[in-house]
Enquirer: 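Quick one: the structure is below, and I'll ask about it shortly.
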Amino acid sequence: MESASQHLLLLFCGRNRGECSAKNLKNISELFYYAQKAVLHPTGPLYCPEEKRMKPACIKALTRIFKVSDLDNDGILNDNELNFFQRTCFNAPLASQALEDVKNVVRKNVIDGVCDNGLTLKGFLFLHTLFIQRGRHETTWTVLRRFGYDDDLELHQDYLFPLTLKVPPDCTTELNHNAYLFLQSVFDKHDKDRDCALSPEELKDLFDVFPYMPWGLDVNNTVCTNDEGWITNQGYLSQWTLTTYLDVQRCLEYLGYLGYSIISEQESQAAAITVTRDKKIDLQKKQTQRSVFRCNVFGDSGSGKSGFLQAFLGRNLTRQNIVSEEHMSYYAISTAYVYGQEKYLLLHEVFPDFDVLSDADMACDIVCLVYDASNPHSFEYCARVFKQYFMDTKTPCMMIAAKSDLQETKQLYALTPLEFCRKHKMPPPQAFTCNTAGAPCKDIYTKLTTMAMHPHARLRCMCTCNRCTFCHLQNFINSELVQTVKAKLYTAILSRHVTQADLKSSAFWLRVSVGATVFAVLGFAMYRVLLKQR
């Protein structure tokens with residue numbers, strides 16, 4: 001019985017329409033060429049000779065390649081896209097005449113293979129079928145392997161999960177500028193109605209190059225959406241930021257499906273990721289280059305944690321009540337501006353089980369302790385969490401008095417929330433409610449982001465209790481009396497006619513100097529008082 005290798009040799013000798021002789025050295029080089037070709041570029045996974053058509057797995061792979069290469073998502077590959085595809089796969093562009101010849105071949109053989117002088121998916125698949133039928137299947141294999149496929153027409157693990165990315169402890173992962181530009185271009189090409197949001201159909205089309213739908217309904221309650229519940233441009237980028245921060249390997253996989261390394265002409269998806277420096281170094285240098293900050297939200301059951309997360313996405317209590325509980329998310333991420341810089345704040349609601357806090361529950365840039373101001377037993381949980389887990393750490397903490405629209409109740413704890421914060425050198429409790437007519441106020445989230453960025457700074461300006469010395473001084477400075485006196489002083493100074501004799505008089509300049517000195521001393525004294533008082 002002839003072996004499989006003998007069948008292979010006979011097959012290619014027959015295909016060469018000649019005989020093979022080792023004695024006469026006839027067609028030996030051709031034989032080895034076709035044998036090598038059969039091993040490196042097998043026809044079996046691509047084409048079914050009995051049915052004379054490509055196999056479904058090959059069609060699926062080539063369809064994904066077509067959609068990734070269709071940079072404007074118009075359903076055709078124009079000359080620029082075909083040249084980019086040719087250069088990506090074969091390191092050389094096609095000449096204009098060669099492009100026309102290819103399209104003419106498709107026009108003659110396939111209806112709707114060419115549209116608006118561009119190659120359609122139907123025409124693209126026909127070309128590869130033609131290559132295979134004419135024994136040029138190495139062309140198709142070159143394309144498949146360039147886009148990450150292995151011999152089984154599955155995306156290779158080394159393509160999806162490059163090994164070049166190493167994340168040391170106490171470091172985080174973020175998308176770099178080029179990655180955001182790429183993701184923005186993906187969003188733009190699928191936002192067909194240009195409403196800066198992705199409808200369910202547009203989102204499905206975007207993820208059509210994935211083997212599965214990566215985002216569930218919980219994503220709509222994790223990022224910002226429009227009034228119809230569709231993910232906005234900001235929400236889309238926020239979800240990618242969240243994925244990169246929490247699970248960078250999954251992010252690399254997703255970028256691989258989208259063809260990031262190919263479209264961006266990078267070695268791998270790892271080029272899209274920035275690994276931040278150790279947080280200890282940030283604390284030592286008292287500055288950070290990070291753009292994503294994590295805030296873990298603690299609080300007893302019913303304290304208003306979920307409402308606090310959803311309010312960050314611009315949703316008041318009315319909008320929150322229509323959200324299904326099974327689609328609720330324990331994360332919320334959006335942007336906040338700190339000193340003119342756009343930063344991402346990631347809120348994570350920690351399950352209120354006091355005795356089983358994990359390292360992940362403890363690892364964050366800032367802690368948010370939420371209690372229900374109308375529930376006398378709510379604050380105790382926050383106090384216990386702080387004293388047991390965060391009192392001796394350098395992680396900044398903020399106390400949130402949620403549901404401030406309800407009647408405030410005295411907390412059944414040894415210290416009032418304000419006294420507790422003063423004792424442990426924390427900012428005073430911040431009143432918060434999501435029961436508003438419009439979108440809830442987002443000032444509190446800016447304060448959280450600022451504290452996360454500058455954990456070494458003691459930000460007195462956040463006080464809004466109207467009871468401490470800081471607030472009394474602020475109210476005095478902004479009072480009508482002080483404003484009236486200041487206005488009269490300005491008027492008196494500016495309306496006084498200064499003569500040339502005054503300008504030459506040393507007494508005049510002495511009075512001006514004394515007045516400026518007095519104002520400077522008073523201002524500095526006020527500044528020192530504000531720093532010393534909480």
Side-chain angles (χ1 to χ4, degrees), residues 191 193 195-203 215-239 241-242 295-337 344-352 368-379 381-382 398-409 411 417 429-449 464:
D191 182 22
D193 52 8
D195 62 348
C196 292
L198 295 176
S199 67
E201 293 76 18
E202 291 170 340
L203 195 63
W215 292 359
L217 293 176
D218 61 314
V219 173
N220 295 60
N221 298 311
T222 305
V223 300
C224 294
T225 58
N226 63 10
D227 293 336
E228 297 180 357
W230 299 350
I231 296 174
T232 62
N233 189 10
Q234 178 187 340
Y236 165 83
L237 295 176
S238 296
Q239 180 62 24
T241 303
L242 175 68
C295 173
N296 283 355
V297 182
F298 294 85
D300 204 359
S301 298
S303 60
K305 300 188 300 298
S306 299
F308 185 73
L309 265 68
Q310 291 299 305
F312 186 35
L313 307 178
R315 298 167 186 167
N316 58 19
L317 190 61
T318 303
R319 287 189 62 185
Q320 294 178 28
N321 288 334
I322 63 176
V323 177
S324 173
E325 186 174 350
E326 62 184 285
H327 297 150
M328 288 296 292
S329 173
Y330 291 107
Y331 291 94
I333 183 170
S334 188
T335 55
Y337 284 88
Y344 282 95
L345 179 63
L346 164 59
L347 301 179
H348 171 47
E349 179 182 345
V350 179
F351 191 75
C368 187
L369 301 164
V370 180
Y371 70 94
D372 181 357
S374 65
N375 182 352
H377 304 282
S378 184
F379 177 75
Y381 176 89
C382 295
M398 179 184 285
M399 201 73 69
I400 304 295
K403 305 182 183 181
S404 60
D405 57 303
L406 303 178
Q407 181 66 37
E408 184 177 2
T409 305
Q411 297 295 317
Q430 306 292 300
F432 176 81
T433 180
C434 57
N435 189 13
T436 56
C441 179
K442 290 191 175 184
D443 290 347
I444 186 65
Y445 305 105
T446 302
K447 295 175 182 178
L448 285 170
T449 311
T464 56

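The basis for the numbers below is simple: all heavy atoms, side chains too, and nothing from hydrogens, waters or symmetry mates.
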Enquirer: So do Gln430 and Asp443 actually touch side chain to side chain, heavy atoms under 4.5 Å?
Expert: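 They are not in side-chain contact.
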Enquirer: Between the side chains of Thr222 and Gln239, is a donor N or O closer than 3.5 angstrom to an acceptor N or O?
Expert: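 On atom types as modelled, these side chains do not qualify, holding no pair under 3.5 Å.
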Enquirer: Kindly indicate whether the side chain of Leu346, heavy atoms from C-beta on, has any atom under 4.5 Å from the side chain of Tyr331.
Expert: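 Sidechains of Tyr331 and Leu346: in contact.
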Enquirer: Please confirm whether the backbone N or O of Asp372 pairs with a side-chain atom of Ser303, one donor and one acceptor, at under 3.5 Å?
Expert: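 Flag not set: sc Ser303 to bb Asp372 has no pair under 3.5 Å.
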Enquirer: side-chain contact (heavy atoms from CB on, under 4.5 Å) for Tyr445 and Phe432? Distances and angles first, verdict last.
Expert: CA-CA 11 Å; Tyr445 305 105; Phe432 176 81; 3.5 Å; yes
Enquirer: Could you pull out the closest heavy-atom pair between Phe312 and Ser334, with the gap in Å?
Expert: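 Looking at all heavy atoms of both residues, the closest pair is CE2-N, 3.4 Å.
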Enquirer: Taking all heavy atoms of Gly229 and all of Asn220, pick out the closest pair and write down the distance.
Expert: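 Gly229 and Asn220 have their closest heavy atoms at O-ND2, 2.8 Å.
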Enquirer: When you measure from the side chain of Asn435 to the backbone of Leu317, do you find a donor-acceptor pair of N or O atoms at a distance under 3.5 Å?
Expert: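 Not at all, since once roles are kept as given, no pair shorter than 3.5 Å links the two residues.
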Enquirer: Within the 4.5 Å heavy-atom criterion, are Thr335 and Tyr344 side-chain neighbours or not?
Expert: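 SC-SC contact between Thr335 and Tyr344 confirmed.
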Enquirer: Give, for atom OG1 of Thr409 and atom NE2 of His377, the distance between the pair rounded to the nearest 0.5 Å.
Expert: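 Reported to 0.5 Å precision, the distance equals 10.0 Å.
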Enquirer: Looking only at non-hydrogen atoms, find the nearest pair between Gly307 and Gln320 and report the distance.
Expert: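 Minimum heavy-atom contact is CA-OE1, 3.1 Å.
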Enquirer: Would Cys382 and Phe298 count as a side-chain contact (heavy atoms from CB on, under 4.5 Å) if you check the C-alpha gap in whole Å, the side-chain angles of each, and the deciding distance to 0.1 Å?
Expert: CA-CA 7 Å; Cys382 295; Phe298 294 85; over 6 Å; no
Enquirer: Please check this pair: side chain of Gln411 against backbone of Asn375, looking for a donor-acceptor N/O pair closer than 3.5 Å.
Expert: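 Yes; at least one donor-acceptor contact below 3.5 Å.
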Enquirer: I'd like to know whether CG of Asp193 has more than 12 heavy-atom contacts from other residues, nucleotides or ligands below 6.0 angstrom.
Expert: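 For Asp193, atom CG is crowded (more than 12 foreign heavy atoms under 6.0 Å).
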Enquirer: Search all heavy atoms of Cys196 against all heavy atoms of Asp191 and return the closest pair with its distance.
Expert: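 In terms of heavy atoms, the two residues are closest at N-OD2, 3.0 Å.
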Enquirer: Please name the pair of heavy atoms, one in Gly438 and one in Thr436, separated by the smallest distance, quoted to 0.1 Å.
Expert: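 Here Gly438 and Thr436 meet closest at O-OG1, 2.8 Å.
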Enquirer: Dump the intermediate steps for side-chain contact (heavy atoms from CB on, under 4.5 Å) on Leu203 and Tyr236, then the final yes or no.
Expert: CA-CA 10 Å; Leu203 195 63; Tyr236 165 83; 5.5 Å; no
Enquirer: Answer whether the closest heavy-atom distance between the side chains of Cys434 and Phe308 falls below 4.5 Å.
Expert: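 No, every pair of side-chain atoms sits at 4.5 Å or beyond.
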Enquirer: How many angstroms lie between atom NE2 of His348 and atom CG of Asn296, to the nearest 0.5 angstrom?
Expert: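 Between atom NE2 of His348 and atom CG of Asn296 there are 5.5 Å.
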Enquirer: Could you tell me the separation between the SG atom of Cys295 and the CD atom of Glu349, rounded to the nearest 0.5 Å?
Expert: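 If we round to the nearest 0.5 Å, Cys295:SG and Glu349:CD are 11.5 Å apart.
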Enquirer: Output yes when a side-chain donor or acceptor of Asn316 lies under 3.5 Å from a complementary backbone atom of Arg319, and no otherwise.
Expert: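 Side chain of Asn316 to backbone of Arg319: a pair is present.
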Enquirer: Would you compute the distance between atom OG of Ser329 and atom CG of Leu309 and round it to the nearest 0.5 angstrom?
Expert: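 If we round to the nearest 0.5 Å, Ser329:OG and Leu309:CG are 7.5 Å apart.
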Enquirer: Using the six-membered ring wherever Trp is involved, compare the ring planes of Tyr371 and Phe379 and label them parallel, tilted or perpendicular (cut-offs 30° and 60°).
Expert: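 Geometry flag for Phe379 against Tyr371: perpendicular rings.
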Enquirer: Which heavy atom of Arg315 sits nearest a heavy atom of Cys224, and at what distance?
Expert: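 What the structure gives for the nearest pair is NH2-C, 4.5 Å.
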Enquirer: Nearest 0.5 Å, please: how far is OG in Ser238 from CG in Leu313?
Expert: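 Reported value, rounded in 0.5 Å steps: 8.5 Å.
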Enquirer: Hey, could you give me the OG1/CG distance between Thr232 and Asp195, rounded to the nearest 0.5 Å?
Expert: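 It is 10.0 Å, given to the nearest 0.5 Å.
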